[in-house]
Colleague: 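I am attaching a structure below and will ask some questions about it afterwards.
For ligands, and for the atoms within them, numbers begin at 1 and follow the listed sequence.
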Amino acid sequence: MARRKLAAGNWKMNGVKAALSEIEALEASFPAPDCDVLICPPATLIFAMAAIGNTVKVGGQDCHANESGAHTGDISAEILADAGATAVIVGHSERRADHGESDADVKAKAEAAWRAGLIAVICVGETEAERDAGKALDIVGGQLAGSVPAGATGANTVIAYEPVWAIGTGKVPTLGDIAEMHDYMRAKLGNSHTSEAENFRFLYGGSVKPSNAAEIFAVSNVDGALVGGASLKASDFGGIIAAASEG
Ligand code: PGA
C-alpha cells in the first residue's frame, strides 16, 4: 500500500524567534508538497510556529507521561497540544541517554501523546558497539517490544529508526543495512500489531542530508526521515522535502 512519506525535523536545543523565518521560507517554497512535513522546535517556539505553519506541522521533542502537576521543567502532551503541536517525539536516544529514559517510560509517554490527541514519534536505535556485536536487530526489536504500546496504529504512531552512531556524525548505515532493519521492524510489529502492520510509517534518522535523502527514501519500508542538523535551514530541509515528495 502507498504510505505518504513524512519529512520530520528535530531542532533539538537550537532555535530562537529569528529561526521562524525558516518556516516562512518553507511555506513559500512548499505550498502543497506530496509528503507530510513536521518540525519539532524547542517548546518556546511551538506556539508561534504553529501560527505560521500550514504545510509545516509542529511537534514537541518530549513530553511527560502525566497531564499536569508538580514536575518542574517538564511539559505535558496536553500543554504541547494546546500550543498547537500535532505530534511529539518520544524516546529519542539523547533523552534515553541524558535522562535515563527506559522503554517503559517511552511507552507511557507515547500513551500520553495519544491521550492529548498527538501523534507519537517513537525513536529506537542501536549503539555502535551493539551493531559491531551483531546485536542491532535484537536491540531494536527489544525497544519496539518495550516502547510501542498495544494501541499503536498507523494513524497515532510513527516509528523512527535512528542508529545512535549515525546521529550527528555524518555516518550512515549502508542502504542494505537500512533495508534489513526497516523490513525487520515492519515484520516485528506485524506480529504484535497485526492489522496495522502495513499502516505504520518507519522513518530513518541519522545524518540525513539533501544529498543522501533520495537514495534513503527509495529503500524498502523507509517512509520518511527524522532529520536533526539538516532541518535547521530551509535551504537544506527543502531538499529533503523535495526528495520525500518524489519518492
Ligand atoms: P542528525 O540527527 O540528522 O543531525 O544526525 C538526527 C536526530 O537525532 O534526529
Colleague: Looking at atom 4 (O) of ligand 1, what's its closest protein heavy atom, distance included?
Modeller: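 Minimum-distance protein heavy atom for atom 4 (O) of ligand 1 reads G229 N, 2.9 Å.
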Colleague: Among Q61, K12, E94, which one has a heavy atom closest to atom 2 (O) of ligand 1?
Modeller: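 Ranked by closest heavy atom to atom 2 (O) of ligand 1, first place is K12.
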Colleague: For A230, is the nearest heavy atom under 4.0 Å from an atom of ligand 1?
Modeller: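 The answer is no, since A230 has no heavy atom less than 4.0 Å from ligand 1.
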Colleague: Give the numbers and elements of all ligand 1 atoms closer than 4.0 Å to a heavy atom of A166.
Modeller: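 Close to A166: 5 (O).
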Colleague: Whether the E94 and H99 side chains hold a donor-acceptor pair (N or O, under 3.5 Å, no angle test) is what I'd like checked.
Modeller: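 The criterion, which ignores hydrogens and geometry beyond distance, is not satisfied for H99 and E94.
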Colleague: Is there a donor in the side chain of N212 and an acceptor in the side chain of E215, or the other way round, less than 3.5 Å apart?
Modeller: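 Per modelled atom types, N212 and E215 side chains form no pair under 3.5 Å.
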Colleague: Would you mind telling me if ligand 1 is within reach of the side chain of C123, the backbone, both or neither, using heavy atoms under 4.0 Å?
Modeller: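 Near ligand 1, C123 shows nothing, with every heavy atom at 4.0 Å or more.
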Colleague: Taking 4.0 angstrom as the limit, do R95 and E101 come out as a salt bridge?
Modeller: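 Salt bridge flag = yes for E101 with R95.
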Colleague: Which ligand 1 atoms are under 4.0 Å away from a heavy-atom of S207?
Modeller: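 Counting atoms of ligand 1 from 1, those under 4.0 Å from S207 are 1 (P), 3 (O), 5 (O).
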Colleague: I'd like to know if the side chain of E22 reaches the main chain of K233, judged simply by a donor and an acceptor atom lying under 3.5 Å from each other, with no hydrogens or angles considered.
Modeller: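 No.
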Colleague: Considering non-hydrogen atoms of the protein only, which is the closest contact for atom 7 (C) of ligand 1, and what is the distance?
Modeller: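 Going atom by atom, the protein heavy atom closest to atom 7 (C) of ligand 1 ends up being E162 OE2, 3.1 Å.
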Colleague: I'd like to know if D36 and R201 make a salt bridge, using a cut-off of under 4.0 Å between side-chain N and carboxylate O.
Modeller: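 Judged by the 4.0 Å cut-off on N to carboxylate O distance, D36 and R201 do form a salt bridge.
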Colleague: Return yes if some donor-acceptor pair links the side-chain N/O of H193 with the main-chain N/O of P149 below 3.5 Å, else return no.
Modeller: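 Yes; at least one donor-acceptor contact below 3.5 Å.
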Colleague: Does some side-chain heavy atom of F237 sit less than 4.5 Å from a side-chain heavy atom of L26?
Modeller: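 Touching, per the 4.5 Å side-chain cut-off.
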Colleague: For ligand 1, is S93 a contact, meaning one of its heavy atoms is under 4.0 Å away?
Modeller: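 Contact check S93 vs ligand 1: negative.
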Colleague: Please list, in number order, the atoms of ligand 1 under 4.0 Å from a heavy atom of G206.
Modeller: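 Answer, ordered by atom number: 5 (O).
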Colleague: Students often mix this up, so state it plainly: with edges at 30° and 60°, are the rings of Y161 and H182 parallel, tilted or perpendicular?
Modeller: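 The rings of Y161 and H182 stand perpendicular, inter-plane angle above 60°.
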Colleague: For ligand 1, indicate whether the residue N10 contacts it via side chain, backbone, both or neither (heavy-atom separation under 4.0 Å).
Modeller: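 N10 to ligand 1: side-chain contact only, backbone stays beyond 4.0 Å.
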Colleague: Would you mind checking if R4 and D34 are paired as a salt bridge, meaning a charged N to carboxylate O distance below 4.0 Å?
Modeller: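 Salt bridge present between D34 and R4.
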Colleague: Closer than 4.0 angstrom: is that true for some heavy atom of G168 and an atom of ligand 1?
Modeller: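 The answer is yes: ligand 1 sits under 4.0 Å from a heavy atom of G168.
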Colleague: Note the single closest protein heavy atom to atom 3 (O) of ligand 1, along with its residue, its atom name and the distance in Å.
Modeller: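 The closest heavy atom on the protein side is G228 N, 2.8 Å.
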Colleague: Strictly under 4.0 Å, does any heavy atom of K209 approach an atom of ligand 1?
Modeller: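 K209: no contact with ligand 1 (<4.0 Å).
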Colleague: Out of all atoms in ligand 1, which are within 4.0 Å of some heavy atom of I167? Include the element for each.
Modeller: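 Per the distance check, 2 (O), 5 (O), 8 (O).
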